[in-house]
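Written below as structure tokens is the structure these notes are about.
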Amino acid sequence: MTTRYWNKTGDNSDGLTEATAYNTFSAVHADCVDGDRVLVGSGVYNATEMQTGSNGYALVQTGITIEAQVDGSVTVQPSAATAAFRWSTDLSGQTVGVSGIVMDDSGPVAPNYGVWVANNGASACTVVCENNTFKNNAIFGINITNALTKANLTVKGNTLTGVSTRGLLRAITLGEGDVLVENNTITITGKTNGESPIYLSADAAPCTAIVKDNSITCTLSSSVSQIEHPMIRVLNIDSALIEGNNVSCYADSTTGTGSLIVVDCDTATLTANDCIVRNNTGYIDTTGGFMIRFGHDGSDAALDHKANKGTMTNNTMNGSEVFRNSTGHSIFFGHQTDCNSSFNIVSNGGLGLLCKGTIGGGHYGNIIRNFGSTAANVGSGIQAKGVTNTTFYGNIVDVTPDCSGSVMLVIADDTQSPTKNSTGALIQSNAIQISAATKAALGLIQVAENNTATFASNTYANADDFTKATPCTKDAGGAGQTSVSLTSWKSTDETSANIDNTITSVITTGAGSSPARAVTYISSRTEAATSSAFTLQPSQELQVFAVPDLEENEYVTIEVDDAIQGWRSMGVVVNQFDSNGFIANNKRVAQEYRLTKSVTRSSTRIESN
């Protein structure tokens with residue numbers, strides 16, 4: 001590897017030192033061979049200084065990297081809209097990329113792309129784009145594409161701002177390689193196109209993807225068409241990890257429909273199995289859409305059940321009144337098998353937690369707040385729609401006076417042909433917190449005709465505040481539906497339901513003086529502590545208790561011994577102000593776990609039954 005220099009002060013002799021640097025990219029490029037590195041001195045470089053030939057931009061035909069000597073000190077101004085830097089050649093085994101350079105619209109044109117890489121080779125290349133600044137690129141900051149792109153991508157620490165720009169990264173024909181998209185900042189206004197600011201899609205396996213710690217703020221144009229505009233979209237990639245991102249989407253009109261995170265499979269020959277979406281935060285202010293979508297809304301026989309065994313955990317998402325009143329979806333799983341959610345907190349969605357056409361899977365310890373339209377009787381807290389053997393366990397639904405629709409809803413999926421009724425759903429040990437008198441039309445439980453579900457040991461706090469006298473609607477044995485009181489429902493349709501004006505099972509079990517449960521992981525203490533490792537078998541669930549209840553800024557977290565990464569965090573299992581949470585081993589093999597207790601004001605023990 002040879003380091004070569006391009007700057008404005010060199011004597012233009014051989015490009016091998018800063019003093020002898022070439023003054024044009026064309027000159028340095030002519031000397032480059034695969035594996036070389038080009039360091040660029042500070043300054044603004046116009047099209048004449050950066051172009052190869054007379055094309056108005058840098059067309060790079062070797063496997064080289066181009067890096068500013070000082071990040072942000074180099075600006076390039078192409079005169080052609082094609083791109084600032086473009087590779088289109090056989091890059092098999094080569095490393096290419098641009099780092100630390102400003103690619104904006106300060107020159108004669110706004111380039112369509114800052115960096116455009118098309119690997120025409122049979123083997124993967126490596127693309128590294130770090131610490132660049134993209135501004136008002138007409139299409140994307142970085143475009144990685146070809147008929148079938150084979151590339152390992154690292155896109156890290158970049159900043160993109162733009163008006164009507166589509167996004168930072170589009171890599172939608174991936175055929176091989178590992179993708180890391182980390183710690184980028186994206187701000188877009190006036191967005192009109194439905195392509196995503198971070199858009200990854202495979203056309204062939206194997207590919208992997210990690211999208212983490214990015215910040216996205218996007219406002220859809222007032223003229224945008226009413227199609228879904230996902231902010232992070234990952235398609236057809238197994239084991240993708242989307243973690244720690246902060247995503248916000250706004251709309252300037254009533255036709256703008258947004259989504260924050262989407263994971264799905266849209267190619268019949270591929271899958272998007274075992275994906276994880278965790279520890280993300282977001283806000284959505286659009287007309288409908290999804291906070292987080294796993295799978296798809298409408299059934300498609302060729303694509304259903306190809307994004308299976310996914311996990312959505314410890315995300316915190318909030319919607320606007322516009323999103324809520326347009327029946328925006330918060331947590332959504334569509335036409336998948338064995339997908340799971342846990343410990344998510346969602347607020348102001350038309351639908352809180354919706355599973356549609358799912359088979360199996362479990363949804364544990366989620367907190368759902370402020371669901372349903374504030375203006376119409378539409379919405380749901382927990383909804384099972386055409387599911388088979390899907391479990392909803394230990395979730396908390398806050399029922400406030402402005403909630404609408406039904407708290408828990410079991411209905412058919414009419415997007416399948418023929419229509420698919422829900423069968424075998426288990427709705428158990430959920431806490432329904434009723435804070436004050438509810439809307440007269442709000443239903444508590446609705447099981448549609450010819451649909452079945454088992455309700456067991458759910459807790460209804462402050463049930464006297466439920467205004468509707470017969471809030472529970474159920475199948476009448478093939479003769480339509482019948483509505484009954486909560487007392488009647490408890491006695492005939494639910495096993496061991498607990499109706500009380502205080503929550504006594506899921507929320508406040510345990511007190512400092514109560515006897516210890518069967519297993520103590522961490523003995524009573526105020527200092528932070530980590531338990532010994534313990535094993536959960538496949539599909540085993542465990543309820544973990546903190547005694548006494550945790551106070552503000554006190555937590556119990558869970559780690560798993562990952563076969564590849566070693567011990568890694570899975571997030572919070574018992575949150576501040578809570579007393580318990582759930583762990584579920586959703587893998588097909590036994591796994592080792594351990595618990596960590598934060599510093600607590602009171603001596604606190606961590607235990608389970």
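Please read these numbers as outputs of a predicted model, since none were measured by experiment.
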Residues [X] and [Y]: side-chain donor-acceptor under 3.5 angstrom:
{"X": "N348", "Y": "N318", "value": "yes"}
{"X": "S99", "Y": "N131", "value": "no"}
{"X": "Y113", "Y": "R170", "value": "yes"}
{"X": "N280", "Y": "N245", "value": "yes"}
{"X": "N136", "Y": "D104", "value": "no"}
{"X": "N325", "Y": "S373", "value": "yes"}

I'd like to know if [X] and [Y] make a salt bridge, using a cut-off of under 4.0 Å between side-chain N and carboxylate O.
{"X": "K156", "Y": "E182", "value": "yes"}
{"X": "R369", "Y": "D398", "value": "yes"}
{"X": "K420", "Y": "D413", "value": "no"}

message: Could you check whether Y250 and Y283 have their ring centres less than 6.0 Å apart?
response: yes
message: Measuring centre to centre across the rings, with the benzene-like ring taken for any Trp, is H305 within less than 6.0 Å of H335?
response: no
- prompt: Only one of L536, V560, T535 clears side chain to side chain contact (heavy atoms under 4.5 Å, CB included) with N585; which?
  reply: L536
Main-chain N/O of N137 paired with T165 side-chain donor or acceptor, under 3.5 Å: yes
message: So does A302 get a backbone contact from the side chain of D300, meaning a donor-acceptor N/O pair under 3.5 Å?
response: yes
task: Find out whether the Lys NZ or Arg CZ of R293 is both under 6.0 angstrom from the six-membered ring centre of F332 and within 45° of the ring's axis.
output: no
message: As a quick check of understanding, evaluate salt bridge (Lys or Arg N to Asp or Glu O under 4.0 Å) for R37 and E67, giving each step before the final call.
response: CA-CA 8 Å; R37 176 189 188 205; E67 307 166 35; 3.2 Å; yes
query: Should the ring pair H363 and F333 be called parallel, tilted or perpendicular, given that the plane angle runs from 0 to 90° and is split at 30 and 60?
result: tilted
N421 side, atom CG; Q416 side, atom CD - distance, nearest 0.5 Å: 10.0 Å
